[in-house]
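Each remark here refers to the structure printed beneath this line.
This one's a predicted model, so the numbers in the text were calculated from it and none came from an experiment.
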Amino acid sequence: MKSYPIFLLFLLSLFVFSCTDNLSDIGSGIQPLSDQITVKPDTFHLTSTTVPVDYIYSKPDSFLLGTYYDTKFGSTKAEILAQVNCPVGFKFPANAVPDSASVQLLYNTWFGSKDSPLDVNIYEMNKGTFNFSQLYRTDIDPTVYTDKLVKLSERIFSAKDAVKLRADTTAIVFPLSSGFVKRFFNSSFYASTNTFLTHFKGMYITANYGSGTLLNISQVNLRYYYHYTYITQNVHGGDSIVTVNNNLFFPANSEVRQVNRFLHLDQATVVRPADSVNYVASPANLDTRIIIPLNKINQRMNDSIRNKKYLTINSADLKVEATDIITDTVTAPTTKYLLLIKESAINRFFNNKELPSDTCAFLVQHTVSLVVNTTNVYQDYYTFHIAKLIANELKIAKQTPSIPVKDQLNLRLIPVQVTLNSSGAVTAVKQDNLMSAVTIRSGKNTYSPLRLKLVYSGF
């Protein structure tokens with residue numbers, strides 16, 4: 001009789017087990033198929049082309065000067081047109097005597113060979129000057145501003161010839177003529193910046209020969225030296241004459257206008273990328289256009305996930321792979337920052353000094369990482385996450401039935417310079433005006449074609 005309760009307990013255990021065995025399938029068993037979330041990965045091969053860039057708008061905080069030739073990217077010739085600011089309101093002491101004047105080109109780095117000679121000539125902008133509120137293109141015509149009849153100075157030197165002005169500053173100094181010195185010895189010149197610019201409109205600085213060096217000029221200054229004396233009483237009760245040597249500082253700074261001119265005269269004949277690659281290079285040289293097949297993406301999503309009320313793009317990753325990376329001292333350094341932007345927004349973005357947004361422009365930094373399952377094999381790339389951009393373009397078309405989904409969305413890869421604050425946040429983005437370049441795998445690359453990896457879902 002004692003075994004009877006044990007037998008009942010055993011039967012009860014079997015019953016409970018049979019009821020809970022398929023508990024995890026209950027939800028899918030009673031949920032309609034149309035209500036289930038469906039997730040799909042997809043890959044779209046993209047079209048890309050190298051786009052020559054004739055100019056950008058020049059807003060330099062540093063300058064290139066010289067000429068450099070690269071067998072892949074062609075020649076880059078850089079010149080400077082610069083207004084200089086004056087010491088507003090300055091008046092010479094009554095017994096001042098002018099001494100000398102010079103133009104100083106300050107630089108600590110250069111691109112190319114330190115031994116390649118440069119013949120640098122400085123001409124006065126004697127025909128016209130700049131309007132501070134106007135933007136100027138890097139393909140500016142210097143003949144509008146100078147007839148090159150007034151040469152201020154000339155020197156032949158190489159990058160290694162710079163002298164130290166201070167422990168942290170090197171410069172090439174260009175002495176100016178006695179006639180120039182006498183001309184600047186006039187206090188009325190300095191009543192205001194505008195008054196000064198009517199008397200001295202600026203300088204045109206160019207290198208006449210040499211194809212192996214570009215100087216990274218950090219500052220262009222004009223210095224004017226003078227001295228004066230005064231009489232003071234000495235310790236013996238007599239008079240002493242004291243001589244004071246002084247100078248005036250005329251910087252090419254943000255309060256006046258400068259333009260860095262760039263020429264690529266052989267671009268059409270030299271720059272010929274193979275079908276397997278595209279180029280990005282600065283300054284004002286080459287971008288890459290990437291075409292997103294927007295309508296194809298829309299159709300694929302709708303065909304792959306049917307009977308769903310909502311479609312969502314979970315991720316859209318565009319990995320731009322760099323190739324042919326060279327790190328020697330005479331090759332353009334690899335572009336650090338690339339901006340991927342809608343072509344229709346380029347002028348507005350830079351002219352209005354906008355910042356990257358996930359529906360218009362994406363900023364990424366050059367990345368180097370070890371290839372998985374390898375030793376000492378690294379990959380260079382830039383990865384853009386553009387899900388919000390694609391989703392927004394499709395959303396606009398859906399909300400406006402009269403506007404069909406675009407067949408394609410044209411994006412542009414542009415080399416840029418970035419300003420960061422102390423917290424590492426981006427505060428400014430402008431088109432790069434320094435030497436940089438990168439070769440990327442194109443949409444036709446057989447090893448690893450340019451492609452967009454998409455993950456989308458429906459529910």
Side-chain angles (χ1 to χ4, degrees), residues 39-51 273-282 286-294 296-298 300-301 304 312-327 332-343 356-394 408-416 418 426 429 432 436-457:
V39 180
K40 293 280 188 180
D42 214 334
T43 299
F44 295 86
H45 288 260
L46 306 179
T47 300
S48 60
T49 55
T50 302
V51 181
D275 287 344
S276 60
V277 297
N278 297 124
Y279 295 156
V280 176
S282 64
L286 302 166
D287 293 345
T288 288
R289 176 182 293 121
I290 297 176
I291 298 175
I292 305 297
L294 203 59
K296 184 178 180 180
I297 291 172
N298 183 57
R300 184 86 61 84
M301 290 172 58
S304 299
T312 301
I313 298 176
N314 303 86
S315 65
D317 296 335
L318 174 59
K319 187 175 183 179
V320 177
E321 299 179 8
T323 185
D324 300 336
I325 297 294
I326 301 174
T327 57
T334 301
T335 301
K336 184 176 182 179
Y337 290 101
L338 282 180
L339 187 77
L340 182 70
I341 184 172
K342 293 169 60 174
E343 280 195 339
S357 65
D358 54 11
T359 58
C360 174
F362 303 80
L363 177 70
V364 300
Q365 188 172 349
H366 173 227
T367 300
V368 181
S369 65
L370 186 68
V371 177
V372 178
N373 299 324
T374 66
T375 302
N376 295 327
V377 178
Y378 292 87
Q379 184 181 45
D380 295 71
Y381 57 90
Y382 309 80
T383 301
F384 300 89
H385 305 292
I386 61 173
K388 188 71 176 291
L389 171 65
I390 296 174
N392 190 62
E393 293 293 322
L394 297 178
Q408 63 188 44
L409 178 64
N410 290 349
L411 305 178
R412 189 81 70 85
L413 276 178
I414 299 177
V416 293
V418 176
V426 175
V429 177
D432 200 352
S436 75
V438 64
T439 301
I440 62 174
R441 293 192 172 104
S442 73
K444 296 181 179 179
N445 191 283
T446 55
Y447 173 74
S448 181
L450 185 66
R451 56 200 180 273
L452 177 68
K453 290 187 176 181
L454 210 68
V455 176
Y456 49 89
S457 60

### Message
Please report the interatomic distance CD1(Ile341) to CD1(Ile290), rounded to the nearest 0.5 Å.
### Response
13.0 Å
### Summary
Residue set satisfying side chain to side chain contact (heavy atoms under 4.5 Å, CB included) with Ser436, at least two apart, ordered chain then number -> Ser282, Thr335, Pro415, Asp432
### Query
Would you call Ile291 and Leu46 a side-chain contact if the rule is heavy atoms closer than 4.5 Å?
no
### Message
A side-chain contact here means heavy atoms from C-beta on lying under 4.5 Å apart; do Asn445 and Leu450 qualify?
### Response
no
#### Entry: Short side-chain donor-acceptor distance under 3.5 Å, Tyr381 and Ser369
yes
### Summary
Residues passing the ring-ring contact (aromatic ring centres under 6.0 Å, His included) test with Tyr456, sequence neighbours excluded, are none
## Note on the structure
The salt bridge (charged side-chain N to carboxylate O under 4.0 Å, His left out) partners of Asp287 (sequence neighbours excluded) come to Arg412
### Query
salt bridge (charged side-chain N to carboxylate O under 4.0 Å, His left out): which pairs involve residues 436-454, sequence neighbours left out?
Glu321-Arg441
### Thr383 OG1 to Leu338 CG distance, which is reported to the nearest 0.5 Å
11.0 Å
Let me check something: any side-chain donor-acceptor pairs from residues 357-365 under 3.5 Å, sequence neighbours excluded? List them with distances.
none

## Note on the structure
Asp42 meets the salt bridge (charged side-chain N to carboxylate O under 4.0 Å, His left out) criterion, sequence neighbours left out, with Arg300
### Summary
Taking every heavy atom of Thr323 against every heavy atom of Ile440, the minimum-distance pair comes out as CG2-C, 4.4 Å
